[in-house]
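Numbers for residues simply follow the sequence, beginning at 1. The shown structure was predicted, so the numbers you read here are calculated from the model rather than taken from an experiment. No hydrogens, no waters, no symmetry mates; every other heavy atom, side chains included, goes into these values.
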Amino acid sequence: MRTARFLAGRLAGMVVVLVVISLVTYALFLLLPSDPAQMSCGRPCTPENLAIASEFMGFDQPWWRQYLEFVAGIFQGRSFGSGPAAVHCSAPCFGYSFQLNQPVTQLIWARIPVTFSIAVGAAVLWLVLGVALGVLAAVRQGTLVDRSAMAFAVAGVSAPVYLLGLLGILLFGFTLDMVPVSGYVPFSESPLDWLWHLVLPWCVLALFTSAVYARLTRGQMIEALEEDYVRTARAKGLSEPKVIGRHALRNVLIPVVTVFGSDVGQLLGGAIITERVFSMPGLGSLLLSAVGQGDLPLLLGVVLFAAFLVVLANFAVDVVYGLLDPRVAQTQR
């Protein structure tokens, strides 16, 4: 029952956060000076044509009604206009891009595999590499291994992602000609080409982010190794790998999971810089295209979808929190 109440409380909190984010984001986009109806009005745009375009797109209604219809469209779909010229957007409908003449949801689904491939592969790589380096540096504190690991962490944190990407393209793409430097191949077409095109983006993101995890893990592990329960485990005669793996590392992973969930959620919203550097058509590139074209419905839909992914990732972190530390769930009333 405690676990159920814990999950129910976190789920209710996620819903509240999503409602607040959607309301604030929608209000901010309505305040922008750009008028989607004006951009779709055509030339010449007479007041009559502008009024027709606004009515067709649903921008002639009060802002609160526009917001309610937008939210309702996510769950049940919505139609724009009426008669033979009406445009239908199936649920979940995050809006309709009149410039591209496609539902925003379809545009997002087309880009999700690219962003998902980049995010998941890089996340696994940086988590394993960062935690391993942090644990190794903490166990060998003060040695050459520790200093080397921390030097790597400082270098990784200091180097911008775009700089690492450009250096990787120059060295491994053009100079050594080892890996592709741009483009994306769907997994369904060729798993090997899919993997080969993602190796360099994964390594660039992992090199940058694993440095943060190495420093965080090292600090947490040093503190954990001084705790009484670790001394007790050693006094019982447990081997050092068991002491670190079964006792110390479990508590060290709690703050690491928090940061990991936030990073993965943000990355699923679109690795804008990485996608731009490696010319990959993901959510980040779609967002930049919407900004450049002034496509407000597309921009709004992508931003809200990315916010949903971040909130969902934080909810997953709360669940993992309860699994790693049952006391978290027990404190839920």
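- Closest heavy-atom contact between Cys93 and Gly77: CB-CA, 4.3 Å.
- Ser22 places a side-chain N or O within 3.5 Å of a backbone atom of Val19 that can act as its donor or acceptor partner.
- The closest side-chain heavy-atom distance from Trp202 to Val120 is not below 4.5 Å.
- Residues Phe152 and Ser210 meet the side-chain proximity criterion, which asks for heavy atoms closer than 4.5 Å.
- When all heavy atoms of His88 and Ser90 are compared, the pair lying nearest together is CD2-OG, 3.8 Å.
- Between Phe305 and Thr105, the closest side-chain pair of non-hydrogen atoms is not below 4.5 Å.
- Using a 4.5 Å heavy-atom threshold, the side chains of Thr209 and Leu127 count as separate.
- Minimum interatomic distance between Thr274 and Pro201 (heavy atoms only, all atoms of both residues): CG2-CB, 4.0 Å.
- Ring to ring, Phe94 and Trp109 are not that close: their centroids are 6.0 angstrom or more apart.
- Among all heavy-atom pairs drawn from Ala248 and Val230, the shortest one is CB-CG2, 4.3 Å.
- Following chains of ILVMFWY side-chain contacts shorter than 4.5 Å, one cannot reach Ile222 starting from Leu133, and the two form parts of different hydrophobic clusters.
- Following chains of ILVMFWY side-chain contacts shorter than 4.5 Å, one can reach Phe308 starting from Phe75, so the two form part of one hydrophobic cluster.
- Residues Cys89 and Gly95 approach most closely at SG-O, 3.7 Å, considering heavy atoms.
- In terms of the side chain to side chain donor-acceptor pair (under 3.5 Å) criterion, Arg276 has no residue partners (sequence neighbours excluded).
- Counting only residues at least two apart or in different chains, salt bridge (charged side-chain N to carboxylate O under 4.0 Å, His left out) contacts with residues 97-122 are absent.
- For residues 143-152, the pairs satisfying salt bridge (charged side-chain N to carboxylate O under 4.0 Å, His left out) are Asp146-Arg218, with sequence neighbours left out.
- Looking only at distances, a side-chain donor or acceptor of Glu275 sits under 3.5 Å from a matching main-chain atom of Ser285.
- Using a 4.5 Å cut-off between side-chain heavy atoms of Ile, Leu, Val, Met, Phe, Trp and Tyr, with links allowed through other members, Leu312 and Phe116 fall into the same hydrophobic cluster.
- Between Leu238 atom CG and Thr232 atom OG1 the span is 10.5 Å, to the nearest 0.5 Å.
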Side-chain donor-acceptor pairs under 3.5 Å in residues 53-65, sequence neighbours left out?
residue, atom, partner, partner atom, Å
Ser54, OG, Leu50, O, 3.0

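- Using a 4.5 Å heavy-atom cutoff, the side chains of Leu205 and Leu125 are not in contact.
- Here the CD atom belonging to Gln66 is positioned 10.5 Å from the CG atom belonging to Leu68, to the nearest 0.5 angstrom.
- Residue Leu253 holds its CG atom at 7.5 Å from OG1 of Thr217, rounded to the nearest 0.5 Å.
- For Arg78, the CZ atom counts as densely surrounded, since its 6.0 Å shell holds more than 12 non-hydrogen atoms of other residues, nucleotides or ligands.
- Of all the heavy atoms in Leu216 and Pro255, the pair that sits closest is CD2-O, 4.1 Å.
- For the pair Tyr96 (side chain) and Asn101 (backbone), a donor-acceptor distance under 3.5 Å is present.
- Using the six-membered ring where Trp is involved, Phe260 and Tyr213 have ring planes that are perpendicular, over 60° apart on the 30 and 60° scheme.
- Side-chain atoms of Gln293 and Leu100, non-hydrogen and from C-beta on, do get closer than 4.5 Å to each other.
- Alongside Leu136, the hydrophobic cluster contains Val145 (criterion: ILVMFWY side chains under 4.5 Å).
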Under 3.5 Å donor-acceptor pairs involving side-chain atoms of residues 172-193, not counting sequence neighbours:
residue, atom, partner, partner atom, Å
Thr175, OG1, Leu170, O, 2.7
Tyr184, OH, Ser117, OG, 3.3
Tyr184, OH, Trp194, NE1, 3.4
Ser190, OG, Asp193, N, 3.3
Ser190, OG, Asp193, OD2, 3.2

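- Side-chain contact between Phe278 and Leu198 is absent, with no heavy-atom pair separated by less than 4.5 Å.
- A distance-only check finds no donor-acceptor pair linking the side chain of Ser97 to the backbone of Gln102 [under 3.5 Å].
- Taking 4.5 Å as the limit, some side-chain heavy atom of Trp126 sits within range of a side-chain heavy atom of Val264.
- To the nearest 0.5 Å, atom CG of residue Leu283 and atom CG of residue Leu288 are 11.0 Å apart.
- Linking ILVMFWY residues whenever their side-chain heavy atoms come closer than 4.5 Å, directly or via other members, leaves Met150 and Val252 in distinct clusters.
- Atom CZ of Arg140 sits in a sparse spot, with 12 or fewer heavy atoms from other residues, nucleotides or ligands closer than 6.0 Å.
- Rounding to the nearest 0.5 angstrom, the gap separating the CZ atom in Arg234 from the CD1 atom in Ile244 is 7.0 Å.
- Taken from CG in Leu164 to CD1 in Ile169, the straight-line distance is 11.0 Å, to the nearest 0.5 Å.
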